[in-house]
Amino acid sequence: MILYPAIDLKDGNAVRLVHGDMDQTTVFNDDPAAQARDFVDAGCEWLHLVDLNGAFAGEPVNAAPVEAILAACPVPAQLGGGIRDMATIERWLDKGLARVILGTVAVENPDLVREAAKAFPGQVAVGLDARNGKVATRGWAEETEIMVTDLAKSFEDAGIAAIIYTDILRDGAMKGPNINATAALARAVTIPVIASGGVSSLHDLTALKDTGVISGAISGRALYDGAFDLTEALKLLKD
């Protein structure tokens with residue numbers, strides 16, 4: 001199971017939100033590239049980046065810090081937030097991103113997801129963010145009546161690289177991930193599922209790994225707060 005340290009970008013800084021609320025922001029580092037290098041030095045093999053401003057604006061906003069991270073770090077990175085058309089997808093992949101994450105457009109324009117996955121095999125992931133099992137879009141500000149599992153199944157034949165499943169009510173709250181819901185989603189589809197939201201201890205990581213069906217986990221606030229050691233966690237997941 002791969003551990004993806006998260007760098008959430010707002011106004012050029014590395015931050016964390018609580019429950020996706022832009023008004024509940026904690027700045028952890030005003031140099032996101034330095035933060036990324038710290039994660040790489042600790043041994044991480046991937047980075048998970050989110051353009052929070054972009055998720056609300058519907059277009060990239062924090063391009064400069066993302067590009068600085070890509071220039072500074074030799075490991076692959078995935079990015080979500082404000083990526084809603086083919087031109088933006090192509091531009092980011094040309095800049096060296098290993099994978100783009102499509103969230104809002106997976107609901108509003110699923111044909112774009114299919115087109116992108118076909119054009120860029122292995123480089124397109126879908127981000128499914130949910131409250132109580134229902135998908136939320138546009139930076140989590142808008143809720144839909146679409147069930148996460150139904151939307152995930154609709155992409156079974158699209159060739160997407162991964163599904164990143166975030167339980168919004170757990171995100172940034174340090175209360176542990178929704179293991180049952182994440183594992184149930186992973187069992188419902190053949191697409192690799194990455195857990196996000198609430199991963200805050202070595203115990204959480206072990207529990208996710210022990211399901212046998214979850215391919216990765218994203219953690220942000222716990223790493224910034226020192227709730228667990230990244231190097232130790234990476235070793236745990238390799239054993």
Side-chain angles (χ1 to χ4, degrees), residues 1-56 62 65-66 68-69 72-73 75-82 97 99 101 103 125 127-130 136 139-140 162-179 182 193-205 207-208 214-234 236-237:
M1 193 174 86
I2 297 170
L3 178 58
Y4 298 76
I7 300 178
D8 289 2
L9 300 163
K10 182 186 178 208
D11 305 332
N13 298 313
V15 308
R16 289 301 287 167
L17 309 183
V18 177
H19 300 158
D21 185 346
M22 289 288 268
D23 293 327
Q24 294 190 64
T25 304
T26 303
V27 175
F28 284 105
N29 200 320
D30 61 6
D31 186 345
Q35 182 63 65
R37 285 194 299 271
D38 286 346
F39 287 149
V40 173
D41 289 346
C44 79
E45 297 175 352
W46 270 87
L47 292 168
H48 174 78
L49 314 177
V50 180
D51 181 350
L52 292 171
N53 302 101
F56 284 90
N62 286 285
V66 172
I69 289 168
C73 298
V75 303
Q78 61 186 19
L79 170 71
L97 269 180
R99 197 150 67 195
I101 303 164
L128 299 182
D129 308 326
W140 303 349
I163 288 173
I164 295 157
Y165 172 65
T166 303
D167 186 313
I168 295 168
L169 297 180
R170 305 291 183 108
D171 191 72
M174 300 288 286
K175 293 181 179 178
N178 191 332
I179 293 169
T182 309
V193 171
I194 299 168
S196 175
V199 178
S200 53
S201 68
L202 294 178
H203 174 77
D204 290 340
L205 291 170
L208 288 166
I214 296 169
S215 71
I218 293 165
S219 185
R221 187 174 199 103
L223 295 174
Y224 297 108
D225 286 350
F228 64 86
D229 179 75
L230 178 55
T231 302
E232 186 179 355
L234 293 166
L236 174 76
L237 297 180

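Quick note: residue numbers are just sequence positions, from 1. The analysis underlying the following values was restricted to heavy atoms, covering all of them including side chains, and did not include hydrogens, waters or symmetry mates. Keep in mind that this is a model prediction, so the values were computed, not measured.
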Could you pull out the closest heavy-atom pair between Asp31 and Asn29, with the gap in Å?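 Heavy atoms of Asp31 and Asn29 come nearest at N-OD1, 2.8 Å.
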
Positive for side-chain contact (heavy atoms from CB on, under 4.5 Å) with Asn13, one of Val27, Thr25, Ile7: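 Single pass found, and it is Val27.
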
Is it the case that the side chain of Asp129 and the backbone of Ala136 share a donor-acceptor pair, with hydrogens and angles ignored and the cut-off at 3.5 Å?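 No, Asp129 side chain to Ala136 backbone: no donor-acceptor pair under 3.5 Å.
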
How long is the span from the CZ atom in Arg37 to the CG atom in Leu47, to the nearest 0.5 Å? 11.5 Å

side-chain contact (heavy atoms from CB on, under 4.5 Å), paired with Val199, selected from Ile179, Leu208, Leu223, Ile218: Leu208

Just how far is it from atom OG of Ser215 to atom CD1 of Ile194, taken to the nearest 0.5 Å?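 Rounded to the nearest 0.5 Å, the OG-CD1 separation comes to 5.0 Å.
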
Straight-line distance of Ile2 CD1 to Ile214 CD1, nearest 0.5 Å: 13.5 Å

Tell me whether Asp229 contacts the main-chain N or O of Glu232 through its side chain, where contact means a donor paired with an acceptor under 3.5 Å.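 Looks like yes, one N/O pair under 3.5 Å.
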
Evaluate the side-chain proximity of Glu45 to Leu234: yes if any heavy-atom separation is below 4.5 Å, no if none is. no

Kindly indicate whether the side chain of Phe228, heavy atoms from C-beta on, has any atom under 4.5 Å from the side chain of His203. no

Heavy-atom pair with the smallest gap, counting every atom of Thr231 and Ala42: OG1-O, 3.0 Å

Atom CG in Leu49, atom CG in Leu97: separation rounded to 0.5 Å? 7.0 Å

Which pair of heavy atoms, one from Cys44 and one from Pro5, lies closest together, and at what distance? CB-CG, 3.7 Å

Over 60° means perpendicular and under 30° means parallel, so tell me whether Tyr4 and His48 are parallel, tilted or perpendicular. perpendicular

Heavy-atom closest pair (Arg16 atom, Ala6 atom, distance to 0.1 Å) is NH1-CB, 4.2 Å

Using side-chain heavy atoms (C-beta onward) and a distance below 4.5 Å, is Val66 in contact with Asp51?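 Counting from C-beta outward, Val66 and Asp51 never come under 4.5 Å.
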
Contact summary for Leu3 and Leu237, nearest pair of heavy atoms: CB-CD1, 3.7 Å

For Thr182 and Asp167, what are the C-alpha separation, side-chain angles and deciding distance, and is it a side-chain contact (heavy atoms from CB on, under 4.5 Å)? CA-CA 9 Å; Thr182 309; Asp167 186 313; over 6 Å; no

Distance-minimising heavy-atom pair for Lys10 and Val15: CB-CG2, 3.7 Å

Distance check, rounded to the nearest 0.5 Å: Ile164 atom CD1 versus Ile101 atom CD1? 3.5 Å

Once you round to the nearest 0.5 Å, how far does OG of Ser219 lie from CG of Asp204?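 One finds 8.5 Å between OG of Ser219 and CG of Asp204.
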
